[in-house]
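One structure is given here, and the rest of the page talks about it.
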Amino acid sequence: MPDASTATAPADTYADLHADAIALLDRWTPTSRSAGVAADRTRALLDAGPVAMSRAHRPGHVTASVLVFDAGGSRVLLCLHGKLRRWVQLGGHCEPGDRTLADAALREATEESGIPGLLIDPVPIDVDIHPVSCQGGSLHYDVRFAVLAPVGAVERVSDESAALGWFPPDHLPEPLAGGTARLVAPARAALRRSPLRPAP
């Protein structure tokens, strides 16, 4: 059993992020029926408190990911995940320094792509729940966003990826992680309507 300091640490360090996640999902209009169901389940998970933002929460935890488009909107950037050996969108776990889910998603995208100056639409494009190996078996409640890369962006492979690649949205690589292809349409819609903001 964790000691009191370990048990209360997430509540102290993830409180702002937890509040943002609740507010974000409460005002979000789902982009699909499955996303709406996943968003409802994520709201229920958040009833556990700020610990639900931490990977230490074995029943499941909120993560953030992005679909990155190039500046012209004609290609998407995917990574060949080092452990999964599948092509996936960029993203991952929230960290104590993240103030919002959009911040977490943008930080992950910048770290994993090596591209400075990414722009994010702070309105989610999807929510997806899937099993992962964290803590010996858990669930990711993944909130997903659209990101636009600057003109002339050059990617750099991180330690977490076996490769990075730009692909036409209608010719995505195989093997592809489940749920990645369905991000294309809502991401395109988001990039058409959104005043994107720069990375911090």
Side-chain angles (χ1 to χ4, degrees), residues 17-18 20-46 52-53 55 60-70 73 75-81 84 86-95 98-113 115 118-132 134 138-149 158 160-161 164-167 169-170 172-173 176-194 196-197 199:
L17 187 59
H18 177 253
D20 174 75
I22 292 172
L24 186 68
L25 292 176
D26 280 350
R27 65 178 180 264
W28 184 55
T29 301
T31 52
S32 69
R33 183 175 180 183
S34 63
V37 171
D40 288 343
R41 289 178 58 193
T42 303
R43 286 190 196 92
L45 176 80
L46 291 168
M53 308 306 296
R55 72 186 80 191
H61 42 281
V62 178
T63 56
S65 67
V66 305
L67 189 64
V68 179
F69 272 84
D70 66 8
R75 299 178 301 161
V76 296
L77 181 65
L78 300 178
C79 73
L80 182 61
H81 196 282
L84 299 177
R86 291 181 178 273
W87 290 95
V88 299
Q89 72 274 12
L90 307 181
H93 291 104
C94 298
E95 299 293 346
D98 299 325
R99 301 303 296 268
T100 69
L101 277 178
D103 288 344
L106 201 49
R107 175 187 51 73
E108 283 286 329
T110 302
E111 290 173 358
E112 294 185 0
S113 70
I115 299 173
L118 295 172
L119 301 171
I120 189 167
D121 175 14
V123 179
I125 58 170
D126 188 43
V127 180
D128 180 76
I129 302 169
H130 52 272
V132 291
C134 298
S138 186
L139 293 171
H140 277 182
Y141 290 69
D142 195 40
V143 182
R144 298 163 168 188
F145 299 85
V147 163
L148 191 67
S158 73
E160 296 181 21
S161 304
L164 289 168
W166 292 99
F167 303 95
D170 53 350
L172 297 179
L176 187 67
T180 298
R182 78 168 188 238
L183 301 180
V184 171
R188 279 179 161 158
L191 296 178
R192 283 193 297 268
R193 65 168 166 70
S194 175
L196 299 182
R197 63 183 175 86

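- For V184, the side-chain contact (heavy atoms from CB on, under 4.5 Å) test picks out L67, F69, P169, L172, R188, with sequence neighbours left out.
- Every residue two or more places apart in sequence or in another chain that forms a side-chain hydrogen bond (donor to acceptor under 3.5 Å, both in side chains) with D40 is listed here: R43.
- The side-chain contact (heavy atoms from CB on, under 4.5 Å) check on H93 picks up R55, H61, T63, C134, H140, with sequence neighbours excluded.
- For H18, there are no ring pair (Phe, Tyr, Trp, His ring centres under 6.0 Å) partners two or more places apart in sequence or in a different chain.
- Here D128 pairs with H130, R144, R182 under the side-chain hydrogen bond (donor to acceptor under 3.5 Å, both in side chains) rule; sequence neighbours left out.
- Within the 4.5 Å cutoff, the side chain of L45 has no heavy atoms near those of the I129 side chain.
- Taking 4.5 Å as the limit, some side-chain heavy atom of S113 sits within range of a side-chain heavy atom of L118.
- Note that CG of L17 is 10.5 Å distant from CD1 of I22, once rounded to the nearest 0.5 Å.
- Closest non-hydrogen pair, G165 versus W87, comes out as N-CZ3, 3.8 Å.
- Of all heavy-atom pairs spanning C79 and E112, the tightest one is SG-OE1, 4.5 Å.
- The side-chain heavy atoms of L78 and L176, taken from C-beta on, include a pair separated by under 4.5 Å.
- No side-chain heavy atom of E111 sits under 4.5 Å from any side-chain heavy atom of L90.
- No more than 12 heavy atoms of other residues, nucleotides or ligands sit less than 6.0 Å from atom CZ of R41.
- Under the 4.5 Å side-chain criterion, counting only non-hydrogen atoms from C-beta, V66 is not in contact with L106.
- The side-chain contact (heavy atoms from CB on, under 4.5 Å) test with V68 singles out one residue from L119, L77, V76, and that residue is L77.
- We find the CZ-CG distance between F145 and L101 to be 5.0 Å, quoted to the nearest 0.5 Å.
- By the side-chain hydrogen bond (donor to acceptor under 3.5 Å, both in side chains) test, T180 is found to be paired with Q89, residues two or more places apart in sequence or in another chain being considered.
- Between V127 and P30 there is no side-chain heavy-atom pair separated by less than 4.5 Å.
- Atom CG of residue L183 and atom OG of residue S32 lie 9.5 Å apart, to the nearest 0.5 angstrom.
- For W166, the side-chain hydrogen bond (donor to acceptor under 3.5 Å, both in side chains) test picks out E155, with sequence neighbours left out.
- Counting all heavy atoms, side chain and backbone alike, W28 lies closest to P124 at NE1-O, 2.9 Å.
- F167 contributes atom CZ, which lies 12.5 Å from atom CG of D70 (distance to the nearest 0.5 angstrom).
- With sequence neighbours excluded, the residues that form a side-chain contact (heavy atoms from CB on, under 4.5 Å) with A104 are A64, C94, D98, R107.
- Qualifying side-chain contact (heavy atoms from CB on, under 4.5 Å) partners for R33, counting only residues two or more places apart in sequence or in other chains: none.
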